[in-house]
**Student:** 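Dumping the structure here so I can ask a few things about it.
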Amino acid sequence: MKVYRFPHGGLELEDPTVPPADKSTIAFLPTLALIPLTQHPGAEAVPLVDIGSSVQEGMLIGRGHGTGSANIHASIPGKVLKILSWKLADGRTTQGILVRLEGAFDKLGKKKDNYHWQGLSSFDLLRIFSEKGLVEMEAPGRPLVEIIRDATNQSKTVSLVVRLIFDDPWLVADYVLAQERIDEILIGASITAKASSANHIIFAISDQELELAERITQRAAELGIQIKTIITGSRYPQRNSRELKTVLQHYQKNESLDLGAFCICGPATLAAVYDAVVQNKAILERYVAVGGGSIKHPQVLRVRIGTRIGDLISQCGGFLVQPKKIATGSPLKGMVVHDLDEPVTKTTIAIVALTEEQIGGETIHDCTNCGECRAVCPVGLDPEYLYKLALLERDSEALIHKANTCHGCGCCEVVCPSRLPLSSTIRVSIKRGTR
């Protein structure tokens, strides 16, 4: 069995404070759900309800408009109490619709009617994707329709790539979802392949998950879905688009295949495709990992969109010790949260409450020229040198030394003994230099 890996750099990551990967638990339904109208990189969705309006579960309450924007739906039935404005963790300001739980659920606990999608055209499927507000369910949350169109505009040949690479332990929620919803992911992949006119469905699975690869291959054969499986390395950042495309290109060369352009989707997105097309259901919930050294009982929870992260922490037993930092997403690339009222969105993969020991202190020291950052950079850059150029605002010079090929994986910051903010500072330099 050949394992395809990117050529140099990267890290083997472990974290004993992640939740167990054996099962998910249904989170308590929120009494109040704060549903942001920005859960995507584009413009805020236009609100379609007013204060005092009654909403049903799955009802369209915000209409996306323009590139990067997506529709927003009510995750619970109830009454609109307020329309609030606040600053997101990424610095953007958005409105959110505060819904108080009332009335009956249209989806929860009801018999699921399966819709026959095989007769639908690619146009019909893309329309459903757009109507149901489907996005890639991790930051930045690009609309699925745009991801597909990018691939189809690049090449007449398209391959759908299902990314089941768990190089970061905080992807545990996606791992549990993949274990629990194999059929839905496979059927969602088949639907997405039809929508994108993909010639191949490729499951890229990391080499530590061979049992999962075997289960998926067997179940695909039983469902009559033709897939190819590529086993990749599990060294972070193998799942990043650049590193993943590198191994896919090696794979197609070795297998004498023409894979064309890659349409890359994660398991949560494909499960959402199944829900949207087969069960006529918008994105109402998602799997979220809640853990970190400060959490008493880390768990993978199935959470309604708009649930307060403070409520999820309470369901996990609360804090063992006061956290030094709370982030949504992986500690490597997540956003710091300053308010436990922050709601879960379509792109919330994890809630991590870190102790001071886990952070390792916040005192920055002078660079020791140890070279650790160079050794782990998967792009082959010199983060130390680029960081020093960034501090001097010599951004044009940094671009000459290929700073713009940095994709912010954060490997350099993890290994830096001086705790220098290498990656984040380089990214700021890139933005300044490319204005």
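Since the model is a prediction, treat every value here as computed from it, not as a measurement. Note that these values count all heavy atoms, side chains included, but never hydrogens, waters or copies made by symmetry.
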**Student:** Would you name the heavy atoms of Q39 and I35 that are closest together and state the gap between them?
**Tutor:** NE2-CG2, 3.9 Å
**Student:** Checking the side chain of T157 only, and the main-chain atoms of G260 only, is there a donor and an acceptor separated by less than 3.5 Å?
**Tutor:** no
**Student:** What's the separation between atom CD1 in I305 and atom CD1 in I283, rounded to the nearest 0.5 Å?
**Tutor:** 7.0 Å
**Student:** What's the separation between atom CG in D167 and atom CG in L332, rounded to the nearest 0.5 Å?
**Tutor:** 9.5 Å
**Student:** When you measure from the side chain of Q95 to the backbone N and O of P47, does any donor-acceptor pair fall under 3.5 Å?
**Tutor:** no
**Student:** Starting at CG of L259, measure out to CD1 of I202 and round the result to the nearest 0.5 Å.
**Tutor:** 4.5 Å
**Student:** Does S196 have any side chain to side chain donor-acceptor pair (under 3.5 Å) partners at least two apart in sequence or in another chain, and if so, which?
**Tutor:** none
**Student:** Closest approach of A289 and A173, non-hydrogen atoms and distance?
**Tutor:** N-CB, 3.7 Å
**Student:** Do the side chain of Q358 and the main chain of T355 share a donor and acceptor less than 3.5 angstrom apart?
**Tutor:** yes
**Student:** Among V300, I349, I309, V303, which residue meets the side-chain contact (heavy atoms from CB on, under 4.5 Å) test with V288?
**Tutor:** V303
**Student:** Over all heavy atoms of both residues, which pair between I351 and L312 is shortest? Give the atoms and the distance, please.
**Tutor:** CD1-CD1, 3.6 Å
**Student:** Side-chain donor-acceptor pair under 3.5 Å between D124 and S121, yes or no?
**Tutor:** yes
**Student:** What I'd like to find out is whether the side chain of W170 reaches to under 4.5 Å of the side chain of V18, using heavy atoms alone.
**Tutor:** yes
**Student:** Roughly how far, to the nearest 0.5 Å, is OG of S53 from CD1 of I83?
**Tutor:** 7.5 Å
**Student:** Going by the rule side chain to side chain donor-acceptor pair (under 3.5 Å), which residues pair with N254 if we only count those two or more places apart in sequence or in a different chain?
**Tutor:** Y4
**Student:** Does any non-hydrogen side-chain atom of C406 lie less than 4.5 Å from one of I430?
**Tutor:** yes
**Student:** Hey, can you pull the donor-acceptor pairs under 3.5 Å for the side chains in residues 25-33, sequence neighbours left out?
**Tutor:**
unit_1, atom_1, unit_2, atom_2, d
T25, OG1, Q299, OE1, 3.4

**Student:** One pair to check against salt bridge (charged side-chain N to carboxylate O under 4.0 Å, His left out): E285 and R302. What are the steps and the verdict?
**Tutor:** CA-CA 7 Å; E285 67 175 15; R302 287 162 53 190; 3.7 Å; yes
**Student:** Can S424 and E413 be counted as having a side-chain donor-acceptor contact under 3.5 angstrom?
**Tutor:** yes
**Student:** Among all residues two or more places apart in sequence or in another chain, which pass the side-chain contact (heavy atoms from CB on, under 4.5 Å) test with S234?
**Tutor:** E12, S206, D207, Q208
**Student:** Does R63 use its side chain to pair, donor to acceptor, with the backbone of L48 at less than 3.5 Å?
**Tutor:** no
**Student:** Run the numbers on L34 and R308 for side-chain contact (heavy atoms from CB on, under 4.5 Å), then give the verdict.
**Tutor:** CA-CA 8 Å; L34 179 57; R308 294 172 60 252; over 6 Å; no
**Student:** Indicate yes or no: at least one non-hydrogen side-chain atom of F123 is less than 4.5 angstrom from one of L126.
**Tutor:** no
**Student:** Return the minimal non-hydrogen interatomic distance between V161 and F262, and the atom names on each side.
**Tutor:** CG2-CD2, 3.9 Å
**Student:** Would you confirm whether Q154, through its side chain, and A261, through its main-chain N or O, come within 3.5 Å as a donor-acceptor pair?
**Tutor:** no
**Student:** Between R5 and G233 (side chain of the first, backbone of the second, donor and acceptor by atom type, cut-off under 3.5 Å), is there such a pair?
**Tutor:** no
**Student:** Give a yes or no on whether the backbone of V344 and the side-chain of T307 come within a donor-acceptor separation of less than 3.5 Å.
**Tutor:** no
**Student:** With a 4.5 Å heavy-atom cut-off, do E136 and C265 have their side chains touching?
**Tutor:** yes
**Student:** Heavy atoms, side chains only, cut-off 4.5 Å: are I326 and L340 in contact?
**Tutor:** yes
**Student:** Look at atom CD of E214 and say whether more than 12 heavy atoms of other residues, nucleotides or ligands are closer to it than 6.0 Å.
**Tutor:** no
**Student:** Excluding sequence neighbours, so at least two apart, what forms side-chain contact (heavy atoms from CB on, under 4.5 Å) with S190?
**Tutor:** W117, I225
**Student:** Identify the two heavy atoms, one from H200 and one from K228, that lie closest to each other, and give their separation to 0.1 Å.
**Tutor:** ND1-CE, 3.3 Å
**Student:** Name every donor-acceptor pair, under 3.5 Å, that has one atom in a side chain of residues 242-251 and the other anywhere in the protein, sequence neighbours excluded.
**Tutor:**
unit_1, atom_1, unit_2, atom_2, d
E243, OE1, H407, NE2, 3.1
E243, OE2, H407, NE2, 3.1
T246, OG1, R242, O, 2.9

**Student:** Say you draw a straight line from CG of L284 to CZ of R304; how long is it, rounded to the nearest 0.5 Å?
**Tutor:** 5.5 Å
**Student:** Is it true that, when you exclude Q118 itself, more than 12 heavy atoms of the residues, nucleotides or ligands shown sit nearer than 6.0 Å to its CD?
**Tutor:** yes
**Student:** With a 4.5 Å limit on heavy-atom distance, are the side chains of I76 and E57 in contact?
**Tutor:** no
**Student:** For E131, look at atom CD and say whether over 12 heavy atoms of other residues, nucleotides or ligands are found less than 6.0 Å away.
**Tutor:** yes
**Student:** Restricting to side chain to side chain donor-acceptor pair (under 3.5 Å), what partner residues turn up for S330, sequence neighbours left out?
**Tutor:** D168
**Student:** Under 3.5 Å, is there a donor-acceptor pair between the side chain of R432 and the main chain of A390?
**Tutor:** yes
**Student:** With sequence neighbours excluded, tell me which residues meet salt bridge (charged side-chain N to carboxylate O under 4.0 Å, His left out) with E138.
**Tutor:** R163, R239
**Student:** List in chain and number order the residues that pass ring pair (Phe, Tyr, Trp, His ring centres under 6.0 Å) with F166, two or more places apart in sequence or in another chain; answer none if no residue qualifies.
**Tutor:** Y175
**Student:** Who pairs with E180 by side-chain contact (heavy atoms from CB on, under 4.5 Å), at least two apart in sequence or on another chain?
**Tutor:** K23, S24, V176, Y287
**Student:** Would you please name every residue forming a side chain to side chain donor-acceptor pair (under 3.5 Å) with D150, sequence neighbours left out?
**Tutor:** R142
**Student:** Is it true that a side-chain atom of S130 and a backbone atom of R127 form a donor plus acceptor pair closer than 3.5 Å?
**Tutor:** no
**Student:** What residues form a side-chain contact (heavy atoms from CB on, under 4.5 Å) with V55, not counting sequence neighbours?
**Tutor:** V49, M59, I61, A74, V80, V99
**Student:** Can you establish whether the number of heavy atoms outside E222 located under 6.0 Å from its atom CD is more than 12?
**Tutor:** yes
**Student:** Which of these passes side chain to side chain donor-acceptor pair (under 3.5 Å) with K132: N280, N71, D275?
**Tutor:** N280
**Student:** For a side-chain hydrogen bond (donor to acceptor under 3.5 Å, both in side chains) check, start with the C-alpha distance between T328 and E342, then their side-chain angles and the critical distance, and finish with the verdict.
**Tutor:** CA-CA 9 Å; T328 56; E342 186 85 17; over 6 Å; no
**Student:** So, the side chain of T269 versus the backbone of M137: is there a donor-acceptor pair under 3.5 Å, distance only?
**Tutor:** yes
**Student:** What are the two closest heavy atoms between V135 and A70, and how far apart are they?
**Tutor:** CG1-CB, 3.7 Å
**Student:** Any side-chain donor paired with an acceptor under 3.5 Å for T345 and T347?
**Tutor:** yes
**Student:** Taking NZ in K194 as the centre, count heavy atoms belonging to other residues, nucleotides or ligands within less than 6.0 Å. Is the count above 12?
**Tutor:** yes
**Student:** One pair to check against side-chain contact (heavy atoms from CB on, under 4.5 Å): L212 and F203. What are the steps and the verdict?
**Tutor:** CA-CA 11 Å; L212 176 61; F203 275 72; over 6 Å; no
**Student:** Do V273 and F129 have side-chain heavy atoms sitting under 4.5 Å apart?
**Tutor:** yes
